[in-house]
Undergrad: 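I have a structure I would like to understand better, so I am pasting it below and will then ask my questions one at a time.
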Amino acid sequence: IPHLREPRSLYALNKELGPQQAARWPSDLQVINEKVKHIQTLPPEREPFYKPTGFEKSPMVRGEANGGRIVFCYETTSSFFTKSRIGGSRSGCEQCSVKLKSDTDTTLIFESRFESGNLGKAVQVGENEYELWLRYDLYTNKHTQWFYFSVSNTRSDREYRFTIVNFMKPESLYNDGMRPVLYSEKDAALHKVGWVRGGHDIKYYKNNLRYEAGKVDRSYYSLTWTSRFTYDNDIVYFSHCYPYTYTDLQDYLLELTNDPIKSRVCKQRVLCQTLAGNLVYVLTITSPSQNPEDIKHKKAVVVTSRVHPGESNASWMMKGFLDFLTGNSSDAKLLRDTFIFKVVPMLNPDGVIVGNYRCSLAGRDLNRNYKTVLKDAYPSVWHTKTMIRKLLQERDIIVYCDLHGHSRRNNVFIYGCEQHHGSAKRFHERVFPFMLSKNTPEKFCFNSCKFKVHKSKESTGRVVMWNLGVMNSYTLEATFCGSSLGKMKGYHFNQGDFEMIGYHFCDTLLDYCDPDITKFLNILHCLEEKHHLDVIAKLARKGLQQDSGVISDVSTDTESSDGGSDSSASDGPPVHLQFSAVRPKRKKLKSKKDRNKVPKEKDDQKKEVSEQQDDKRVKNNQRKEGKQEFIKPQSQPIKFTSNTPKRPRSLDDRSNSGIPVFVQERYEQKQQRKNYLEALTAAYVSNNIPFVIDP
């Protein structure tokens with residue numbers, strides 16, 4: 001029976017016990033040697049929202065100019081990514097925290113130079129009060145939302161106040177009762193307590209600092225909270241959400257690989273490498289079969305996650321999805337028998353490693369670049385789109401879903417792409433989200449779902465896959481906070497709740513693909529009725545008369561999202577290509593000896609003058625064609641190599657001609673090379689000079 005050979009080990013994961021490839025960092029970043037590892041346990045009870053009292057403080061920013069003392073400062077100096085290295089900077093870590101004067105010094109020691117950490121500066125403005133500055137996404141001047149840092153040298157007999165002063169979003173779930181998460185190393189060691197929600201006197205507000213945004217000035221926003229620590233001399237971590245690092249993913253995938261049962265249904269491969277050389281994994285999950293016809297008739301499901309590195313709750317949903325799908329339940333087996341799952345669990349490992357919120361090391365939001373042709377600058381999204389395009393040529397894709405986190409809304413909801421008015425499949429894209437809301441009514445809110453495609457989102461994964469032909473193309477958004485529905489109203493989500501969303505997603509797939517379409521048709525009818533009532537209510541609010549002939553053509557969605565991201569403002573070429581484009585080019589100059597060279601053969605003056613004229617003509621042709629100057633040796637054969645500098649496509653003014661820029665570049669390069677070689681050959685042949693052309 002014909003069968004494929006085992007893949008080369010270069011592209012397969014190591015099946016032996018032990019660590020996989022270590023995380024690669026930009027080579028100028030400092031990384032501490034101590035590995036940060038947390039135990040994962042769930043709180044014994046539900047954690048309620050913080051209830052504002054109305055008396056929360058709103059401290060304005062004082063900083064070092066008004067008496068503050070810098071106790072931690074770590075600033076990155078590079079303007080763009082150049083190279084990477086395991087462990088970051090070769091020179092190690094410098095002293096970034098203040099040195100304690102004595103054992104009685106109660107100053108907190110801050111640290112964030114570990115995987116996914118983000119804290120740029122800490123200023124002590126009171127005995128127990130600190131102002132914190134988050135680091136922007138690398139090679140940008142924006143995107144501050146994700147934070148993850150540690151404090152040590154704690155005291156249990158006092159209350160500390162922390163205020164993050166450089167947020168940019170005007171609204172936040174912290175004003176709706178969200179608390180940050182914290183982790184105590186002593187609590188974990190003594191009582192097996194993992195991440196918990198913490199903090200009191202929480203408030204999110206506009207502060208007295210401003211920054212330039214184009215031609216206007218905008219205000220920064222602050223998040224302030226207080227904390228009391230249980231133990232003296234503890235190490236406590238604070239974070240925006242439950243961290244899930246690239247190393248956590250590798251450890252999880254290694255467990256799948258080493259499991260003799262799960263490894264039979266889950267095959268792991270490397271999709272591509274990132275700018276820093278980190279691996280982007282793709283999993284293929286399905287039931288093995290000896291009959292090729294069984295595989296041929298299976299439809300596909302594609303799930304991706306963590307394109308935005310600061311949305312760690314997406315990784316917890318992905319973990320729950322993979323746990324269910326590779327489990328031994330009858331529903332999991334039925335799913336594997338029915339579908340082929342293609343899963344990319346972490347699209348942006350570079351951003352996850354360095355602690356970015358939205359961007360990759362290209363300084364751009366990957367979820368605004370799915371239409372890109374820059375394969376080397378955005379490798380993960382380029383290869384993902386290519387994989388899906390090839391998969392569509394082989395089989396239908398039932399669902400494409402990209403997992404995200406949301407910073408301004410509670411609950412879980414979906415953004416989809418509505419079918420055109422009058423389409424025979426109108427509202428079909430809403431059936432799956434409606435089923436999901438019925439399967440998890442205390443977490444998923446169908447009324448928060450949006451299906452209108454806005455122009456600013458045309459380069460997102462959801463819209464690009466929809467344009468490729470995937471009808472059910474979704475972005476699944478999970479809140480960083482908690483629920484406002486049913487019995488869970490007013491309570492935070494924990495890791496277990498996010499994992500359950502992955503379970504319910506699998507369960508909904510079975511309902512959606514049930515051979516008995518009665519449930520599907522009933523839900524479709526409900527959606528049509530709901531749309532009809534929503535349109536009537538919308539027209540009544542505007543004081544318009546009802547026209548039954550156009551009601552079905554009116555949309556009740558205003559937009560596909562609530563503007564929770566300003567990533568569209570960062571559209572542009574990759575940052576490292578911008579800098580390489582404006583880097584000055586060095587000209588090859590003649591040496592003083594060559595400039596002052598005197599002909600040796602005075603007897604043959606006429607011949608020398610002729611050669612100089614030929615050389616001058618060749619050099620003029622070189623300058624016109626943009627080539628480097630070439631100095632002819634006297635006796636050796638000449639070897640010539642073309643080295644024409646390329647212009648970055650994104651800065652090329654020929655992109656509006658209608659012909660792809662790369663086609664024009666290739667044609668011009670060939671034409672320049674042809675003209676130059678013809679002139680050079682003619683000059684050398686006329687003077688009987690031997691030469692070698694290196695293609």
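Because only heavy atoms are used, hydrogens play no part in the values below, and waters and symmetry mates are left out as well, while side chains stay in. Computed from a predicted model, the values in this text were never measured in an experiment.
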Undergrad: With sequence neighbours excluded, tell me which residues meet side-chain hydrogen bond (donor to acceptor under 3.5 Å, both in side chains) with E442.
TA: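 For E442 there are no side-chain hydrogen bond (donor to acceptor under 3.5 Å, both in side chains) partners, ignoring immediate neighbours.
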
Undergrad: Should the pair E129-R62 be classified as a salt bridge under the 4.0 Å nitrogen-to-oxygen rule?
TA: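 Looking at R62 together with E129, the answer is yes, because their closest N to O distance falls below 4.0 Å.
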
Undergrad: So do the side chains of L403 and F505 get within less than 4.5 Å of each other, counting heavy atoms only?
TA: no

Undergrad: What's the shortest heavy-atom distance between L436 and F444, and which atoms?
TA: CD2-CE1, 3.5 Å

Undergrad: For atom CG of D103, is the number of surrounding heavy atoms from other residues, nucleotides or ligands below 6.0 Å larger than 12?
TA: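 No.
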
Undergrad: Under 3.5 Å, is there a donor-acceptor pair linking the side chains of N166 and T144?
TA: no

Undergrad: Please determine whether the number of non-hydrogen atoms from other residues, nucleotides or ligands lying under 6.0 Å from atom CG of D157 exceeds 12.
TA: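 Yes, enclosed.
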
Undergrad: Hey, is R46 close enough to D497 for a salt bridge, meaning N to O under 4.0 Å?
TA: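 So R46 pairs with D497 through a salt bridge.
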
Undergrad: Within the 3.5 Å criterion, strictly below it, is a donor on S222 or T224 matched to an acceptor on the partner's side chain?
TA: no

Undergrad: Please check: side-chain N/O of N278 versus main-chain N/O of D350, any donor-acceptor pairing under 3.5 Å?
TA: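 The answer is no, because no donor-acceptor pair under 3.5 Å joins these two groups.
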
Undergrad: Within the side chain of N141, is there an N or O that forms a donor-acceptor pair under 3.5 Å with the backbone of Y136?
TA: no

Undergrad: Going from CG on L119 to OH on Y74, what distance comes out if it is rounded to the nearest 0.5 angstrom?
TA: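 Atom-to-atom, L119:CG and Y74:OH are 12.0 Å apart.
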
Undergrad: Identify each donor-acceptor pair in which a side-chain atom of residues 313-323 lies under 3.5 Å from a protein atom, sequence neighbours left out, and give them as a table.
TA:
{"unit_1": "N313", "atom_1": "ND2", "unit_2": "A478", "atom_2": "O", "d": "3.0"}
{"unit_1": "N313", "atom_1": "ND2", "unit_2": "T479", "atom_2": "O", "d": "3.2"}
{"unit_1": "S315", "atom_1": "OG", "unit_2": "R306", "atom_2": "NH1", "d": "2.8"}
{"unit_1": "W316", "atom_1": "NE1", "unit_2": "Y242", "atom_2": "O", "d": "3.1"}
{"unit_1": "K319", "atom_1": "NZ", "unit_2": "D323", "atom_2": "OD2", "d": "3.0"}
{"unit_1": "D323", "atom_1": "OD1", "unit_2": "Y252", "atom_2": "OH", "d": "2.6"}

Undergrad: Can you measure from OG (S184) to CZ (F229) and round to the nearest 0.5 angstrom?
TA: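 Rounded to the nearest 0.5 Å, the OG-CZ separation comes to 9.0 Å.
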
Undergrad: Ring pair (Phe, Tyr, Trp, His ring centres under 6.0 Å) with F480: which residues, sequence neighbours excluded?
TA: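 Applying ring pair (Phe, Tyr, Trp, His ring centres under 6.0 Å) to F480 gives H240.
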
Undergrad: Going by the angle between their ring planes, with limits at 30° and 60°, are Y237 and Y183 parallel, tilted or perpendicular?
TA: perpendicular

Undergrad: Would you say V31 and E115 make side-chain contact, with heavy atoms under 4.5 Å?
TA: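 V31 does not reach E115 side chain to side chain.
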
Undergrad: Compute whether any side-chain donor of one residue and acceptor of the other, for Y231 and D187, lie under 3.5 angstrom apart.
TA: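 Yes, because at least one side-chain N or O of Y231 sits under 3.5 Å from a partner of the opposite role on D187.
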
Undergrad: Go through the structure and list residues passing side-chain hydrogen bond (donor to acceptor under 3.5 Å, both in side chains) with T245, not counting sequence neighbours.
TA: D248

Undergrad: Between D105 (side chain only) and L100 (backbone N and O only), is there a donor and an acceptor less than 3.5 Å apart?
TA: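 Between the backbone of L100 and the side chain of D105 there is no qualifying donor-acceptor contact (under 3.5 Å).
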
Undergrad: Would a 4.5 Å heavy-atom cut-off, applied to side chains only, mark C481 and D176 as touching?
TA: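 No, every pair of side-chain atoms sits at 4.5 Å or beyond.
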
Undergrad: When rounded to the nearest 0.5 angstrom, what is the spacing between SG in C401 and CG in L476?
TA: 4.5 Å

Undergrad: Kindly determine whether Y130 and F110 satisfy ring-ring contact (aromatic ring centres under 6.0 Å, His included), including the steps that lead there.
TA: CA-CA 11 Å; Y130 298 87; F110 290 81; 5.2 Å; yes

Undergrad: Given 3.5 Å as the limit, does a donor-acceptor pair link the side chain of R218 with the main chain of A213, or not?
TA: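 Checking the backbone N and O of A213 against the side chain of R218, no donor-acceptor pair under 3.5 Å is found.
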
Undergrad: Regarding R135 and S112, do their side chains bring together a donor and an acceptor under 3.5 Å, going by distance alone?
TA: no

Undergrad: Heavy-atom count around Y160 OH within 6.0 Å, excluding the residue itself: above 12?
TA: yes

Undergrad: Between F147 and W225, what is the ring plane arrangement, given parallel below 30°, perpendicular above 60°, and tilted in between?
TA: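 Rings of F147 and W225: parallel, as their planes differ by under 30°.
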
Undergrad: Using modelled atom types and a 3.5 Å cut-off, is there a donor and acceptor pairing between side-chain atoms of T163 and backbone atoms of V165?
TA: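 Checking the backbone N and O of V165 against the side chain of T163, no donor-acceptor pair under 3.5 Å is found.
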
Undergrad: Side chains of N208 and R210: is there a donor and an acceptor less than 3.5 Å apart?
TA: no

Undergrad: With distance as the sole test, does T440 use its side chain to make a donor-acceptor pair with the main-chain N or O of H504 at under 3.5 Å?
TA: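 Here the side-chain-to-backbone pair does not exist.
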
Undergrad: Sub-3.5 Å donor-acceptor pair from the side chain of Q250 to the main-chain atoms of Q21, do we have one?
TA: yes

Undergrad: Would you say S407 and Q145 are linked by a side-chain donor-acceptor pair, where the criterion is simply a distance under 3.5 Å?
TA: no

Undergrad: Counting C-beta onward and ignoring hydrogens, is there a side-chain heavy-atom pair between F498 and V412 closer than 4.5 Å?
TA: no

Undergrad: Taking side chain as C-beta onward, heavy atoms only, is Y221 less than 4.5 Å from M168?
TA: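 SC-SC contact between Y221 and M168 ruled out.
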
Undergrad: Evaluate the side-chain proximity of E171 to Y204: yes if any heavy-atom separation is below 4.5 Å, no if none is.
TA: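 Counting from C-beta outward, Y204 and E171 never come under 4.5 Å.
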
Undergrad: Hey, what do you get for CD (Q124) to OG1 (T107), rounding to the nearest 0.5 Å?
TA: 4.5 Å

Undergrad: Taking E111 first and then R113, would you say they form a salt bridge - that is, a charged N and a carboxylate O separated by under 4.0 Å?
TA: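 Yes, charged N to carboxylate O under 4.0 Å.
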
Undergrad: Output all residues satisfying salt bridge (Lys or Arg N to Asp or Glu O under 4.0 Å) with R228, sequence neighbours left out; order by chain, then residue number.
TA: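 Listed in chain order: nothing, the list is empty.
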
Undergrad: With no hydrogens and no angle check, do the side chains of N348 and S380 hold a donor and an acceptor under 3.5 Å apart?
TA: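 Result is no, nothing qualifies.
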
Undergrad: Tell me if a side-chain donor or acceptor on D137 pairs with a main-chain N or O of C359 at a distance below 3.5 Å.
TA: yes

Undergrad: Find out whether S89 and W25 are in side-chain contact, i.e. whether some heavy atom of one side chain is under 4.5 Å from a heavy atom of the other.
TA: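 Answer no - side chains too far apart.
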
Undergrad: Has Y246 got a side-chain atom pairing as donor or acceptor with G351's backbone, closer than 3.5 angstrom?
TA: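 Not at all, since once roles are kept as given, no pair shorter than 3.5 Å links the two residues.
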
Undergrad: Closer than 3.5 angstrom, by distance alone: can the side chain of R158 be matched with the main-chain N or O of N128 as a donor-acceptor pair?
TA: no

Undergrad: With sequence neighbours excluded, tell me which residues meet ring pair (Phe, Tyr, Trp, His ring centres under 6.0 Å) with Y211.
TA: Y220

Undergrad: Do we see a donor-acceptor contact under 3.5 Å between the side chains of S156 and D232?
TA: yes

Undergrad: I'd like to know if R179 and E47 make a salt bridge, using a cut-off of under 4.0 Å between side-chain N and carboxylate O.
TA: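 Looking at E47 together with R179, the answer is no, because their closest N to O distance does not fall below 4.0 Å.
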
Undergrad: Check the angle between the aromatic planes of F413 and H406 and answer parallel, tilted or perpendicular using the 30° and 60° thresholds.
TA: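 Aromatic pair F413/H406 classed perpendicular.
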
Undergrad: ring-ring contact (aromatic ring centres under 6.0 Å, His included) for F114 and Y148? Distances and angles first, verdict last.
TA: CA-CA 9 Å; F114 46 78; Y148 179 27; 5.0 Å; yes

Undergrad: Between K186 and D234, does any side-chain N to carboxylate O distance fall below 4.0 Å?
TA: no

Undergrad: Please evaluate residues Y139 and F80 with respect to the criterion ring-ring contact (aromatic ring centres under 6.0 Å, His included), reporting the C-alpha separation (whole Å), side-chain torsions for both, the decisive distance (0.1 Å), and the verdict.
TA: CA-CA 5 Å; Y139 319 127; F80 58 97; 7.6 Å; no

